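First listed ligand is number 1; within each ligand, the first listed atom is number 1. Only a predicted model underlies this, so the values are computations on that prediction, with no experimental measurement involved.
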Amino acid sequence: MSISLSKDEDGFITPSVSTTPASPKKDEEPAEKQKTTSELLTSTFEVMVTLADQQVDPNSPLYSVKSFEELGLKEELLKGLLAMGFDQPSKIQERALPLLLSDPPTNMIGQSQSGTGKTAAFVLTMLSRVDYNLHKPQALCLAPSRELARQIMSVVTAMGKFTSVQTEYAIKDNLPKDATNITAQIIVGTPGTMMDLMRRKVLDVSHVKVFVLDEADNMLDQDGLGDQTLRVKNSLPRRQPIQIILFSATFPDNVRAFASKFAPNANKIELQKEELSVDTIRQFYMDCKNEEHKYDILVSLYQLLTIGQSIIFTQHRHTADRISQRMTAEGHKVASLHGAKDASERDAIIDRFREGRDKVLITTNVIARGIDIMQVNMVVNYDLPLMNERVKGGDERPDIETYIHRIGRTGRFGRRGISINFVHDKKTWLQMEQIEKALGKKIMRIETNDLDEMEAKMKAALK
Ligand SMILES: Nc1ncnc2c1ncn2[C@@H]1O[C@H](COP(=O)(O)OP(=O)(O)OP(=O)(O)O)[C@@H](O)[C@H]1O
C-alpha cells in the first residue's frame with residue numbers, strides 16, 4: 001500500500017483522475033480469478049492517509065495493525081469479534097482502528113470501497129469509548145435509511161454481545177409517543193427522528209462523546225440530509241470534546257470541503273478515484289429496444305436473478321411497484337421496497353429478503369447505500385441513477401456516487417458479483433458511458449436476444 005501526505009487547500013488529498021476512454025464496441029475481458037476473502041484482507045488497493053498531527057509518521061507500525069489483539073480492545077469486544085468470525089482486520093480496519101482508538105480522540109474522515117468493513121471500524125470505536133456503568137447516551141450514529149440504521153444496530157449488538165452495552169433506536173415509530181428518558185449508551189438512527197428525540201428532551205446529549213455519520217457524504221449533502229444532520233450536530237454540547245467520525249465509499253468534491261469543516265482536524269483515509277469500486281464486481285450492460293423491452297428482458301432474466309439473490313433498482317417508486325405487480329401476476333416471486341411504504345412493512349420486507357425468503361427485491365435508491373446481504377450476487381440498474389433524483393433542480397447527468405453504492409450491494413467482502421445496466425436509447429447509452437469513464441472500469445455488453453449466451457457469461461462472471 002502506498003501512502004502520500006500531500007494536501008489540497010482544504011487539507012484533503014486530491015487524487016488523480018482516471019480517464020479510461022469508453023468505446024462504443026465493448027468486448028468481453030477474460031474472466032479474472034475470484035478474489036477470496038483472505039485476498040481482500042491483504043489486498044493492496046491504494047489509500048492515502050493524512051494525519052491530523054503532522055508530527056506523526058503514518059508508516060509507523062503503530063498506525064496499522066495486523067490483528068485485533070494489537071488494538072488493546074476490551075476482552076469482551078475481542079470475544080464479540082471472534083463470535084462474529086472476524087479473525088483478522090480488513091484493510092480499512094487495519095488503517096482506521098489505531099487512529100480511531102488512540103487518545104486523545106481525533107476526528108476521522110474515512111473512505112473505503114463498499115463491502116470492505118467500515119461498519120466494524122466505527123462500531124468498535126463506539127463500543128470502546130462508552131462507559132457501560134453510566135446510563136446516559138454517549139455515542140450517536142446516524143445513517144440515511146431505517147434499513148441501514150437497523151443493520152448497524154445488529155452489528156452493535158453482535159459485537160457488543162459480551163458487554164453490558166445498552167442500545168436504542170432513533171428511527172420512526174420505534175419508541176412509544178410517551179417515551180421519556182433514554183438511558184441507553186449507544187443510539188443509532190436517522191437524523192429527523194434523532195433531532196426529534198433531542199428536541200423533546202427524550203434524548204439527553206449532555207454526555208455524548210462520539211458522533212458517527214455512516215454514508216457521510218449523503219448525510220452531509222446540502223440537497224439531501226445535510227440540514228438535519230447539521231441541526232443534530234449543532235445541538236450537541238460544546239463544552240466537552242466529541243469525536244466526529246465520517247465514513248463512506250464516496251466523498252464527491254462538493255461534499256469534501258464541508259466534511260473537513262464538519263469534522264475539523266480529522267485523520268483522513270482516502271481512496272484513489274480509480275479504486276472507487278471493487279474489482280470483484282463485473283459490470284455489464286444490455287441494449288434494450290425501449291422501455292417495454294426492459295421489462296421483457298428483466299422477466300427473461302428471472303431464473304438467473306434467483307440463483308443467488310438480486311436487487312433491481314428503479315428511478316421511481318411507482319416503477320418498482322408496477323414491475324413487481326406485473327411479475328407477481330405472471331407467477332414470479334418478487335418483493336418491492338421504497339420510502340412510501342410504512343415503517344413496519346419496510347422492516348418486514350427487508351427482513352424477509354435478508355433471511356433469503358425473497359430472492360428478488362425491486363427497489364429505489366432508498367437501499368442503494370450500506371445494505372449488506374452477502375448472498376446478493378446480482379444488481380440490475382433497470383433505470384440508471386440520475387442527478388435529478390438526488391439534487392433539487394439537478395439535471396439528467398448520471399449520479400456516479402449512487403451508481404457506485406448501488407453496484408456495491410453485491411461483491412461484498414471479497415465475494416463475486418455482477419451488475420447489469422439496462423440502456424434503451426441514445427440518452428441512456430451516453431449516461432452509461434459517462435459512468436464508465438468516471439469509474440475507469442469497462443462495462444461489457446451482453447446480448448439481449450441470446451439467453452444461453454447471457455446465462456453462460458453471467459455464470460462465468462460469478463465463478
Ligand atoms: N474483519 C472482518 N472479517 C470478516 N468479515 C468482515 C470483517 N469486517 C467486515 N466483515 C464483513 O464484511 C461485510 C461488509 O462489511 P460492511 O457492511 O461494514 O462494509 P462497508 O464498508 O460498510 O460497506 P458499504 O460501503 O456498502 O456500507 C459484512 O458482512 C461484515 O460482517
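Residue D87 places no N or O, backbone or side chain, under 3.5 Å from any N or O of ligand 1. Residue T116 has at least one nitrogen or oxygen atom sitting less than 3.5 Å from a nitrogen or oxygen atom of ligand 1, judged on distance alone. Distances between N or O atoms of Q93 and those of ligand 1 include at least one value under 3.5 Å.
Set against the non-hydrogen atoms of T119, the atoms of ligand 1 under 4.0 Å away are 16 (P), 17 (O), 18 (O), 22 (O). For ligand 1, the atoms lying closer than 4.0 Å to a non-hydrogen atom of M374 are 12 (O), 13 (C), 28 (C), 29 (O). Those atoms of ligand 1 that come under 4.0 Å of a heavy atom in E215, given as number and element, are 27 (O). Shown in contact with Q88 at under 4.0 Å from a heavy atom are these atoms of ligand 1, numbered in order with element: 1 (N), 2 (C), 3 (N). Listed by number with element, the atoms of ligand 1 under 4.0 Å from a non-hydrogen atom of Q113 are 21 (O).
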**Verdict with reasoning, E76 to Y132, per side chain to side chain donor-acceptor pair (under 3.5 Å)** = CA-CA 12 Å; E76 309 88 80; Y132 302 131; 5.8 Å; no
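No side-chain donor-acceptor contact under 3.5 Å links N421 and S419. Side-chain contact check for H338 and D321: at least one donor-acceptor pair (N or O, by modelled atom type) lies under 3.5 Å. Looking at T306 and K333, their side chains never bring a donor and an acceptor atom within 3.5 Å of each other.
Contact between S112 and ligand 1 is absent, with no heavy atom of the residue lying under 4.0 Å from the ligand.
Heavy atoms of H405 found under 4.0 angstrom from ligand 1: none, in either backbone or side chain. Contact annotation: for D372 versus ligand 1, heavy atoms closer than 4.0 Å belong to the side chain alone. Neither the backbone nor the side chain of R369 comes within 4.0 Å of ligand 1, counting heavy atoms alone. When non-hydrogen atoms are compared, ligand 1 lies under 4.0 Å from the side chain of F413 (C-beta onward) but not from its backbone.
Of the possible polar contacts, one joining the Q243 side chain to the L100 backbone as a donor-acceptor pair under 3.5 Å is found. Of the possible polar contacts, one joining the S310 side chain to the L305 backbone as a donor-acceptor pair under 3.5 Å is found.
None of R369, Q111, R256 except one satisfies the side-chain hydrogen bond (donor to acceptor under 3.5 Å, both in side chains) rule with D217; the exception is R369.
Distances from atom 23 (O) of ligand 1 to the heavy atoms of G110, G85, A143, G115 show the closest one on G115. In this comparison of M159, Q111, R409, R412, the heavy atom closest to atom 17 (O) of ligand 1 sits on R412. Proximity annotation for atom 10 (N) of ligand 1: of F122, F86, F247, F86 comes nearest, heavy atoms only.
Between K66 and E94, at least one side-chain nitrogen of the basic residue sits less than 4.0 Å from a carboxylate oxygen of the acidic one, meeting the salt-bridge criterion. Between D131 and K136, none of the side-chain N atoms (NZ, or NE/NH1/NH2) sits under 4.0 Å from a carboxylate O, so this pair counts as no salt bridge.
Note on ring orientation: taking the six-membered ring where Trp is involved, the planes of F258 and F262 are perpendicular (angle over 60°, cut-offs 30° and 60°).
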